Peer 1: 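There's a structure below that I have some questions on.
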Amino acid sequence: MLDLWYKNAVIYCIDVETYMDANGDGIGDFIGLTQKLDYLAGLGVTCIWLMPFYPSPNKDNGYDVMDYYNVDSRLGTLGDFVEFTVQARERGMRILVDLVVNHTSSQHPWFQAACKNKNSKYWNYYLWSKQKPKDIKEGIVFPGFQKTTWTYHPEAEAYYAHRFYDHQADLNITNPEVRAEIQKIMGFWLALGVSGFRIDAAPFLIELQQADNICEMVDDPIVYIEEFRKFLSWRQGNAILLAEVNELPEEQSRYFGNGNRMQMLFNFWANQHLILALVQEKAAPLIEALARLPEIPEVGQWANFIRNHDELTLDKLSEAQQEEIAAALAPDQEKMWIFDRGIRRRFAPMINGDPRRLKLTYSLLLTLPGTPVINYGEELGMGDDLSLPERHPARTPMQWSSEPNGGFSTAPSDKLVLPVIDEGEYGYKHLNVSVQRRDPESLLNWMERAIRMRKECPAFGWGKWQILETGHESVFAHRCEWNGEVAIAIHNLSSEPSHISLTLTDDKGSYLVDLFEDQPDEEVLKISQDIQLAAYGYRWFRVRR
Ligand code: GLC
Ligand code: CA
């Protein structure tokens with residue numbers, strides 16, 4: 001039997017810098033994070049995805065790497081990192097780390113060496129052009145913050161390519177030495193105990209550019225991904241690649257291949273349509289989105305999420321749909337909207353912290369076909385700080401307690417890496433782990449129970465899924481079957497209680513066991529079953545035969 005740990009995993013994303021500061025310098029660190037592993041294990045997390053923690057000038061939250069083989073000294077040492085992985089493993093948790101190799105920081109010694117000397121081997125690590133190539137149409141990733149994708153470097157006397165900020169020079173993937181280097185980086189972190197990589201900006205990584213120094217021409221650069229996957233699997237059979245690929249569903253298949261490329265892809269498509277469905281209080285956008293997803297190989301898996309560390313991008317939706325969402329979730333566009341395509345807020349404030357809608361949404365996250373990915377602080381319904389620039393509003397420090405700085409750090413508050421939210425409804429004094437632990441109705445305690453239930457229903461992660469007819473436009477219902485086990489989840493997206501008649505063609509004669517409420521098992525007497533749902537209500541059932 002295939003034993004694919006990531007199919008029933010619960011992934012939790014952490015930025016070490018803002019999680020827990022153990023030495024009181026205002027910056028989160030590996031020692032602090034290690035102290036919080038029991039909290040994460042208690043929540044039910046089985047896999048931690050660490051955002052970049054490498055030495056970096058930190059002009060893009062660490063996605064501008066200066067040294068792939070080290071830990072940023074502000075966060076700790078390699079020794080602290082290894083100790084952290086050992087302690088995580090003790091608690092049954094795996095680690096994924098960000099592999100940011102579409103580009104390096106312009107302060108990376110490779111780039112510096114290339115600029116100084118065209119004959120250096122590092123020249124061909126990057127993409128150069130004597131003349132300024134035309135900017136790729138719609139190629140600017142950070143509109144409003146980034147002007148071009150080719151910048152002149154006076155010392156190099158040439159233009160270098162950068163799909164992101166100009167301080168993030170694109171690596172030349174057509175250079176076999178660059179690919180060997182990438183494999184070496186993977187090998188290094190695997191040897192230190194990680195279980196795989198989040199592949200940053202995957203489509204850009206394999207894009208062939210108009211540079212003068214392309215080293216080899218291949219028909220389809222996706223072969224480079226196969227090369228990485230082969231390396232990975234030979235080094236460590238159960239390690240995975242989880243790729244950031246925000247493309248149309250039809251384009252996504254090729255990133256899975258026949259199971260020989262990425263194992264996991266973030267489900268941006270489902271995410272954007274889920275948000276639309278929540279705003280419209282209608283199931284159709286989500287149903288249609290799931291229907292358009294490609295078939296994926298047996299070892300493939302979707303990584304579902306509600307909010308990540310970037311903007312909530314809505315770029316795959318029509319302009320009218322984007323406007324509809326913006327009007328509902330980001331009414332102050334000036335402050336809340338970014339890059340002409342997304343929202344800078346955290347999820348809880350977007351829905352005014354409504355506990356019913358929070359639970360509804362995270363219940364969807366935990367049951368949609370795929371593996372859930374939770375961003376730190378989501379389990380508390382943390383808020384945002386819109387006075388911060390760019391994507392930072394959603395990146396404030398974790399709120400642990402009512403102590404100064406939310407218990408994140410003992411440093412003076414003006415020394416913190418980012419300010420803690422200290423005012424209003426989302427301020428740390430009332431919104432924190434310690435308060436929510438004591439409240440049986442809190443989101444944190446709900447999340448812990450829901451995660452436990454999700455893990456006990458592997459059909460959601462592994463199963464063949466189908467949409468069930470509900471006869472109600474606001475209700476989304478689906479059924480997952482795996483190894484003879486059937487799990488059903490029903491979500492009422494509307495603010496009105498609903499009565500539905502659920503079509504259960506395959507389950508007549510069985511019983512529905514409610515997994516959250518203390519309800520008697522319901523016998524499925526007819527193919528259509530009457531079900532009651534509260535406003536924004538959700539129900540999970542196991543089918544007992
Ligand atoms: C990815 C990251 C984002 C970063 C970009 C450039 O999109 O999620 O945070 O800015 O890559 O590395
Ligand atoms: Ca620190």
Side-chain angles (χ1 to χ4, degrees), residues 13-36 49-54 56-66 68 71-77 80 84 96-106 108 139-146 149 161-171 197-205 207 242-247 265-266 268 271 303 305 307-313 315 338-339 341-342 344 373 375 389-395 397-398 405 407-412 415-418:
C13 171
I14 289 177
D15 192 346
V16 180
E17 188 177 79
T18 48
Y19 205 61
M20 181 66 204
D21 171 23
N23 66 353
D25 65 354
I27 304 168
D29 43 52
F30 274 102
I31 296 183
L33 168 57
T34 307
Q35 292 165 357
K36 294 300 181 188
W49 152 31
L50 290 181
M51 292 205 281
F53 51 80
Y54 316 103
S56 162
N58 234 342
K59 290 188 181 165
D60 183 16
N61 207 35
Y63 284 92
D64 44 335
V65 179
M66 258 170 75
Y68 291 100
V71 168
D72 187 333
S73 57
R74 301 176 316 135
L75 313 181
T77 63
D80 296 334
F84 156 71
L96 301 179
V97 297
D98 236 293
L99 187 65
V100 190
V101 287
N102 169 69
H103 48 264
T104 71
S105 161
S106 56
H108 196 294
I140 291 180
V141 181
F142 300 134
F145 292 76
Q146 175 194 0
T149 59
H162 55 89
R163 286 305 298 263
F164 296 91
Y165 283 119
D166 61 1
H167 59 77
Q168 293 167 313
D170 280 9
L171 283 166
F197 301 90
R198 170 195 180 261
I199 308 296
D200 186 60
F204 302 118
L205 173 65
E207 169 182 75
L242 160 57
E244 184 197 24
V245 178
N246 177 12
E247 299 215 328
L265 256 57
F266 282 107
F268 283 92
N271 171 259
F305 60 97
R307 270 299 270 121
N308 64 19
H309 62 287
D310 289 324
E311 78 285 5
L312 169 61
T313 179
D315 66 337
I338 190 171
F339 303 149
R341 60 165 184 252
R344 304 192 309 142
V373 182
N375 192 13
E390 221 243 31
R391 287 159 288 170
H392 287 328
R395 297 171 174 174
M398 179 69 174
N405 301 326
F408 158 69
S409 171
T410 55
K415 291 280 179 309
L416 301 188
V417 56
L418 279 175

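When a ligand or atom number is given, it counts from 1 through the structure's own listing order. What you see is a predicted model, and the numbers here were worked out from it, not measured in a lab.
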Peer 1: Does the ring center of F339 lie less than 6.0 Å from the ring center of F145?
Peer 2: yes
Peer 1: Assess the residue pair D315 and N246 against the criterion (side-chain hydrogen bond (donor to acceptor under 3.5 Å, both in side chains)); give the C-alpha distance rounded to whole Å, side-chain angles, the decisive distance to 0.1 Å, and a yes or no.
Peer 2: CA-CA 9 Å; D315 66 337; N246 177 12; 3.1 Å; yes
Peer 1: Stepwise, does the side-chain contact (heavy atoms from CB on, under 4.5 Å) test hold for R391 with N61?
Peer 2: CA-CA 9 Å; R391 287 159 288 170; N61 207 35; over 6 Å; no
Peer 1: Take the Ca ion (ligand 2) and tell me which protein N, O or S atoms are nearer than 3.0 Å.
Peer 2: D21 OD1, N23 OD1, D25 OD1, I27 O, D29 OD2
Peer 1: Which atoms of ligand 1 are found less than 4.0 Å from any heavy atom of R391?
Peer 2: 3 (C), 4 (C), 9 (O), 10 (O)
Peer 1: Over 60° means perpendicular and under 30° means parallel, so classify the ring planes of W49 and H309, tilted if in between.
Peer 2: perpendicular
Peer 1: Does M51 have a heavy atom less than 4.0 Å from any atom of ligand 1?
Peer 2: no
Peer 1: Which atoms form the tightest heavy-atom contact between D170 and H162, and what is the distance?
Peer 2: OD1-CA, 3.5 Å
Peer 1: Measuring centre to centre across the rings, with the benzene-like ring taken for any Trp, is Y19 within less than 6.0 Å of F408?
Peer 2: no
Peer 1: Residue-level breakdown please: for R198 versus ligand 1, do any non-hydrogen atoms fall below 4.0 Å on the side chain, on the backbone, on both, or on neither?
Peer 2: side chain
Peer 1: Assess F142 for proximity to ligand 1: is some non-hydrogen atom of it under 4.0 Å away?
Peer 2: yes
Peer 1: Between K59 and D166, is a salt bridge (charged side-chain N to carboxylate O under 4.0 Å, His left out) present by the stated rule, with each step listed?
Peer 2: CA-CA 11 Å; K59 290 188 181 165; D166 61 1; over 6 Å; no
Peer 1: Output the list of atoms in ligand 1 that are nearer than 4.0 Å to some heavy atom of H103, sorted by atom number.
Peer 2: 6 (C), 12 (O)
Peer 1: Of the protein's non-hydrogen atoms, which lies at the shortest distance from atom 7 (O) of ligand 1, and what is that distance?
Peer 2: E244 OE2, 2.8 Å
Peer 1: Among protein heavy atoms, which sits nearest to atom 11 (O) of ligand 1, and what does the distance come to when rounded to 0.1 Å?
Peer 2: D200 OD1, 2.8 Å
Peer 1: Using 30° and 60° as the class boundaries, would you call the ring planes of F305 and F266 parallel, tilted or perpendicular?
Peer 2: perpendicular
Peer 1: Please determine whether side-chain contact (heavy atoms from CB on, under 4.5 Å) holds for the pair Q168 and S105, giving the CA-CA distance in whole Å, both sets of side-chain angles, and the decisive distance to 0.1 Å.
Peer 2: CA-CA 5 Å; Q168 293 167 313; S105 161; over 6 Å; no
Peer 1: In terms of residue, atom name and distance, what is the protein heavy atom nearest to atom 5 (C) of ligand 1?
Peer 2: F164 CE2, 3.7 Å
Peer 1: Tell me which protein heavy atom sits closest to atom 4 (C) of ligand 1, plus the residue, atom name and distance to 0.1 Å.
Peer 2: D60 OD2, 3.4 Å
Peer 1: Establish, yes or no, whether a centroid distance under 6.0 Å links the rings of Y63 and H167.
Peer 2: no
Peer 1: Would you say the side chain of D200 lies within less than 4.5 Å of the side chain of H103, judging by non-hydrogen atoms?
Peer 2: yes
Peer 1: Which residue supplies the protein heavy atom nearest to atom 9 (O) of ligand 1, what is that atom called, and how far is it?
Peer 2: D310 OD1, 2.6 Å
